[in-house]
Every structure is written in C-alpha cells, then in structure tokens.
2 protein chains.
Amino acid sequence: MDDAQVREALREAILRGEFVPRQRLVEVDLCERFGARRFAVRAALQDLTAEGLVERQPNRGARVREVSLDEAIEISEIRRVVEGLVAARAAERLTDADASRLKSIGQQMRTAVETGEAGTYSDLNAELHATLREIARHEMANRIIAQLRGQMVRHQFALSRVPGRSVASLAQHEAVIDAVVARDPAAAETAMQAHITSVIEALRALGR
Amino acid sequence: MDDAQVREALREAILRGEFVPRQRLVEVDLCERFGARRFAVRAALQDLTAEGLVERQPNRGARVREVSLDEAIEISEIRRVVEGLVAARAAERLTDADASRLKSIGQQMRTAVETGEAGTYSDLNAELHATLREIARHEMANRIIAQLRGQMVRHQFALSRVPGRSVASLAQHEAVIDAVVARDPAAAETAMQAHITSVIEALRALGR
DNA sequence: ATCTACAAGATTGTTAGCAATCTCGTTGAC
DNA sequence: GTCAACGAGATTGCTAACAATCTTGTAGAT
C-alpha cells in the first residue's frame, strides 16, 4: 500500500470511528493495520495532519485530533457562507435534468421522514448537498467543503441523533431545492444559509 | 534547518517570486539553497503540496504550482464570502481601540493614494485585512484565508499594477471601515463583498 | 503509602545508501 | 534531415538501521 492509499484508508477509518479523538496513532501499529511500511504511514500521517484530522507533536507521535464544539461551530459558519455560494451558483447553472434530480431527492427525503427512516434521510441529505456541488462546479468550494467535512463527522453524528432534527431540516432542504429549481441565486443562498444557521443553533444547543 | 523552517523559507521564496510557476523544485538544489537535508526538504515539499503552492508528480518531482486565472477567480469568490464573514464578525466584536486603529489605517491609505505611494498602499491594504481578522478572531476563517492567500500572490501582483486600482479600492476599503466602525455587521459584510467583487471583476478584465 | 530516580522498552526522527524511474544526449538507420 | 533506440546521468522513492526522545515500570528511600 502506497502513501495515498494509506491516507485514504486511514481517513476513512477515522471518519467511521475506528480511531476516536485523542487516540494515539502509533506508526508501527498502523503499518500492521494497513499492511504498509513506515515511509507510507508517515507520509499519510503528515497529509492528514495538514488536513486537520490528525495532530502530531514532536517526538510524541500522532493522535486523532479532537474537534471542539466551538471549532465545529466555526467550521459550520464557514460552511454556511461557502455552501451558500454553491447553492447560488447551482441556481445559475441548473439544467432541466438537474432540476428533476433535485426534486426527486426532495421527494425521497420527505418519504424518509414520513416513514421514520433516519439513516436513509441522512444519506439523502448528503446526496442533496453533493448534487448541488456537482451542479455548481466550483472547484475551490468543493475542496474546502470536502476538507471541512472530515473534521465535522463526529458532531454531525451527534446532531443526527437529536430528536426532531430530520423534520426540522427537511423543510429547510426543501426550501433550498425550491429556490435552486426556481433559478433564483439569492434565494438559494439565503435558504442554504438559513439551513446551516439552524445546524449552528443545534450545535450550540448541544453544548448546553 | 528542520522541516518547518524549510517549509516557511520555501513558502516565502515562492511568494516573493524567487521560484516562479512551473519551475522545477529539485530536492538536491533545495537542500543546498536552504542548508537542509533531503528529509526536511521532502517533508516541506509535501506540506506545501498539501497547501496548494507546489505540485508533485510521482517520479517526476515537484514544481511551483501555476494558479490559472479561472482558479484565481474561484479563490476570490471564496474569499468574498469568507472575508465577508470576517468583516461582519469584526463589526460585532469591535472595541473602541479597534475602531481607532481602523480609522487610522483608513487615513493612511487615503494619504498613500493622494501621494501616489503604491507600495505603501499595498502594505496598508494587507494591514487592514489582517486587522479585521484579528478583531474578528475566527480561527477557521483565518486559516482558510491564509491558505488561499499564498495561491493568489501572483495575480495580486498583476492587479496591483493595474492603473487606477488603488483609487478604486480605496473607496471600497473606506466603506468597509465605516461599516465595521459603525458596528453594523450586515453592512460590513456587504461592503467587504462589494470590494472583493470588484477584485473579481478586475481579475476577469485581466483575462481579456 | 507516597515519591523519586533509574533503567528498559517503546516510539519517533533521521541518516546513508541503494533501487527505480525519468530525462536528455548521442548514435545509427532511413 | 528526421526519427527511434539506447545508455548515461540526474532525480525521486524507499529501505534498513541507528540515534534520539519519551513513557512506563520497578526499586529504594522516606
């Protein structure tokens, strides 16, 4: 396994909770776990450190970096403005096929909420956001969002378990879809920002 | 010199134009240039690759990454929303001392434009943006802005040489200062976004 | 029982050198 | 003259091993 593969595998392992915040990431253990040599493991650790998923201290090795609630809120504030930009741009670039697709996702989300399928809703949530990014085709925004997402996974999990969260977010997602499909960039941006403001508020409520 | 020092030195060298876009960054030459061993140079190259300043291809080494005009425009679009967030937050968090400082910078900028000191204006421009970031204290925004800045330096240089650019931007900067000092977050955000929209337009004009 | 000192083991940081790959220049064929 | 093949040199990728640093457990003193 080369360093890019280790990096991908380790990132996924962290995102899925196999390695938890503050956990030591011992090189020799990672070599065994991923079937790689130290060279590749060290390179992967360096990259994941640059990404903010891992922290390293000289002579003391690497740990999964813990993202505080305050930091999660700041990250969400950045997401609010950047995903607002994405939504606005999607509204500008939308094709008819895109519109159909967004409507379809919206309908599936409503069904998932009505039938109480939280996992499906969560998947569709991710799919909606990804679709907007595809439509918008703003490379730099995509890069930033991808990077920030890795750091938020734990808090997102916590949020998804808040009762009523799906119901609340459904209306917001639908508003985003409606505005984008209406090809109204300003409304799309506003709707997306309102949605993520609601995420921020829910995060703040977690801290109380 | 350790890898952090090489990274800083190499970043600075790239930003100041010692190494130009597309230029090969040969490890052994960098070792000599920075008085470092290959280990440190390779680590620095890896980090600067993650930062987007350098690109590396397997077995073919590293080059200074060229940032296209299109990418510069996308970067500026991100800056527009993120620096808008910073301006709004600065407006919320401003102290009286902060206000005095911003006003002082604004006055110096006006003087620089009136006396035709483009270099001074450019420095003050950077200082204004940095001061807003200090006031806002949004760690994640600062990180993103710092990273994007490194990638924009070449296009910023091109912009600063556009005749009349300083005069045009002075009014915009003053509008930002006024809104922040007035503790009006929405106006601050709008003013900052208008300023960077103007940057984006100037960038687009460079391509024609 | 608690605290300190020390040594052993664990782990990270780095080196020197070799293997692998690419680039470029030269030569020969057409 | 152009193009292809080959070899030498340049450069990157990686290894094995050693040095440096930290952590933990044990023994001894109080």
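Within every chain, numbering begins at 1; the chains are lettered A, B, ... in the order of the sequence lines, protein sequences first and strands thereafter.
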- So do E74(B) and R137(A) actually touch side chain to side chain, heavy atoms under 4.5 Å? no
Find every protein N or O atom lying less than 3.5 Å from an N or O atom of nucleotides 7-13 of chain D, and list the pairs.
residue	atom	partner	partner atom	Å
dT11(D)	O3'	R24(B)	NH2	3.4
dT12(D)	OP1	R24(B)	NH2	3.3
dT12(D)	OP2	E27(B)	N	3.2
dG13(D)	OP1	N59(B)	N	3.1
dG13(D)	OP2	R42(B)	NH1	3.3
dG13(D)	OP2	R42(B)	NH2	3.3
dG13(D)	N7	R38(B)	NH2	2.9
dG13(D)	O6	R38(B)	NH1	3.1

*asked:* Check this for me, if you would: do E55(A) and R22(A) make a salt bridge, where the nitrogen-to-carboxylate-oxygen distance has to be below 4.0 angstrom?
replied: yes
Between CG of D3(B) and P of dT15(C) the distance, given in whole Å, is 11 Å
Axis-to-axis angle across the helix from dA1(C)-dT30(D) to dC30(C)-dG1(D), five pairs each end, nearest 10 degrees, ~ 10°
- Query: If you measure from the Lys or Arg side-chain nitrogens to the Asp or Glu carboxylate oxygens, is any gap between R56(B) and D47(B) under 4.0 Å?
  - Reply: no
Notebook entry, point to check: So does E71(B) pair up with R143(A), basic N to acidic O under 4.0 Å?
Noted result: yes
- Run the salt-bridge test on E77(B) and R204(B) with the 4.0 Å N-O cut-off and return the result as yes or no. yes
To the nearest angstrom, the CG-P distance between D2(A) and dT15(D) comes to 11 Å
> Any chance the side chains of R65(B) and Q151(B) put a donor and an acceptor closer than 3.5 Å?
Replying inline: yes
Quiz item: Got more than 12 heavy atoms from elsewhere within 6.0 Å of CZ, R16(B)?
Solution: yes
**Prompt:** If we only count heavy atoms from C-beta on, is the F19(B) to V54(B) side-chain gap below 4.5 Å?
**Reply:** no
